[in-house]
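What follows is a short report on a single structure.
In listed order, ligands and their atoms are each counted from 1.
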Amino acid sequence: MEKIFISACFMGENVRYDGGHQSLTHQVIERWKKENRLVSGCPECLGGLPVPREPAEIQQKDKKIITLQGVDVTENFNNGASKALSICLKNNIKFALLKESSPSCGSNTIYNGEFSNTKIVGQGITTQVLTKHNITVFSEKTIDALIDALIDAINDSET
Ligand code: SF4
C-alpha cells in the first residue's frame with residue numbers, strides 16, 4: 001500500500017512549538033486514516049525538541065536554525081529530518097504531506113529568519129532531506145496534487 005508521511009500536527013497532535021496542533025480537516029484525510037495509509041511524525045519532536053518550544057527560523061546568511069532567544073537548534077532539526085527520512089524509507093513512502101512555512105516542514109515557503117513574520121520562497125529542513133531522497137513533499141495548499149499523484153502511483157503499481 002502507498003503510505004503517506006504526514007505532519008503530526010495535521011493529525012491533531014499537540015506538537016507545535018506553541019503546544020497546539022494544526023488539525024487538517026479534509027474528506028480525503030478521513031479516508032486515508034480509515035485505509036491506514038497515514039504515518040505521522042513531528043520532525044522537531046523526533047529531533048529531541050520539547051513541546052512547547054521556542055519558535056525557530058532558518059537564518060538566510062548561514063542556514064543555521066536559531067530560536068527567538070538565539071539558541072542554535074540546527075542539530076535538533078537535522079536529527080529530526082534524518083529520523084523522518086528513516087520512517088519514510090522503512091515504510092517505502094514516496095509522498096509526504098507537511099505543514100507549509102514551518103522551518104522543518106515547509107515545502108514552498110519559510111519565514112525569513114528575522115522573526116518579522118515575513119515569508120520567503122524556501123523549504124524546511126525535513127522537506128529538503130526528503131526531497132533529496134525522491135520523496136515528494138506536498139502541503140495543505142497542494143493536497144489536490146497529492147491526491148492526483150497518489151492515484152497515479154496506485155494505478156502504476158497495478159499495471
Ligand atoms: Fe507540525 Fe512539522 Fe512543526 Fe512538527 S515540525 S509541529 S509536524 S509543522
Side-chain angles (χ1 to χ4, degrees), residues 3-26 28-30 32-33 36-60 63-91 93-147 149-150:
K3 296 212 172 198
I4 299 164
F5 182 67
I6 184 168
S7 287
C9 57
F10 278 161
M11 299 289 276
E13 294 179 37
N14 291 323
V15 291
R16 271 170 54 101
Y17 74 95
D18 60 3
H21 59 76
Q22 196 80 40
S23 275
L24 187 56
T25 46
H26 192 293
V28 81
I29 298 290
E30 294 311 310
W32 289 342
K33 275 187 201 167
N36 201 26
R37 199 180 283 285
L38 301 177
V39 178
S40 77
C42 169
E44 290 171 27
C45 296
L46 289 168
L49 292 170
V51 179
R53 56 188 171 276
E54 271 193 83
E57 295 188 4
I58 303 172
Q59 306 300 298
Q60 291 313 296
K63 304 300 173 197
K64 286 189 186 304
I65 302 113
I66 306 291
T67 71
L68 185 57
Q69 296 299 319
V71 179
D72 186 339
V73 286
T74 309
E75 201 177 320
N76 295 97
F77 273 65
N78 287 338
N79 287 341
S82 296
K83 288 190 179 163
L85 175 63
S86 297
I87 292 169
C88 289
L89 295 178
K90 195 172 142 202
N91 287 281
I93 281 173
K94 297 192 201 88
F95 305 119
L97 177 59
L98 303 184
K99 177 79 187 77
E100 191 57 276
S101 305
S102 148
S104 291
C105 294
S107 50
N108 287 294
T109 57
I110 52 170
Y111 288 93
N112 72 351
E114 296 173 6
F115 296 98
S116 57
N117 205 25
T118 307
K119 289 181 191 175
I120 55 172
V121 172
Q123 293 188 324
I125 304 302
T126 294
T127 298
Q128 292 174 27
V129 169
L130 298 190
T131 303
K132 266 185 210 141
H133 288 81
N134 298 319
I135 296 160
T136 311
V137 177
F138 299 85
S139 77
E140 69 276 24
K141 295 177 195 304
T142 57
I143 195 164
D144 289 340
L146 170 56
I147 294 167
L150 184 69

> About how many Å separate CD of Q59 and CD of E114, when rounded to the nearest 0.5 Å?
Replying inline: 8.0 Å

> Under 3.5 Å, is there a donor-acceptor pair linking the side chains of Q22 and S7?
Replying inline: no

> Among side-chain atoms of S104 and T126, is any donor-acceptor pair under 3.5 angstrom?
Replying inline: no

>> As an exercise, identify every atom of ligand 1 less than 4.0 angstrom from a heavy atom of R53.
In response: 6 (S)

>> For K99, is there any backbone N or O sitting under 3.5 Å from a side-chain donor or acceptor partner on S139?
In response: no

> Sorted by chain and residue number, which protein N/O/S atoms are under 2.8 Å from atom 4 (Fe) of ligand 1?
Replying inline: C42 SG

> Between E100 and L98, is there a donor-acceptor pair closer than 3.5 Å when you use the side chain of the first and the backbone of the second?
Replying inline: no

> Looking at A81 and V129, what are the two nearest heavy atoms and their distance?
Replying inline: CB-CG2, 3.8 Å

> In Å and rounded to the nearest 0.5 Å, what is the CD to CG distance from Q123 to N108?
Replying inline: 7.5 Å

> At under 4.0 Å between heavy atoms, which part of E100 makes contact with ligand 1: side chain, backbone, both or neither?
Replying inline: neither

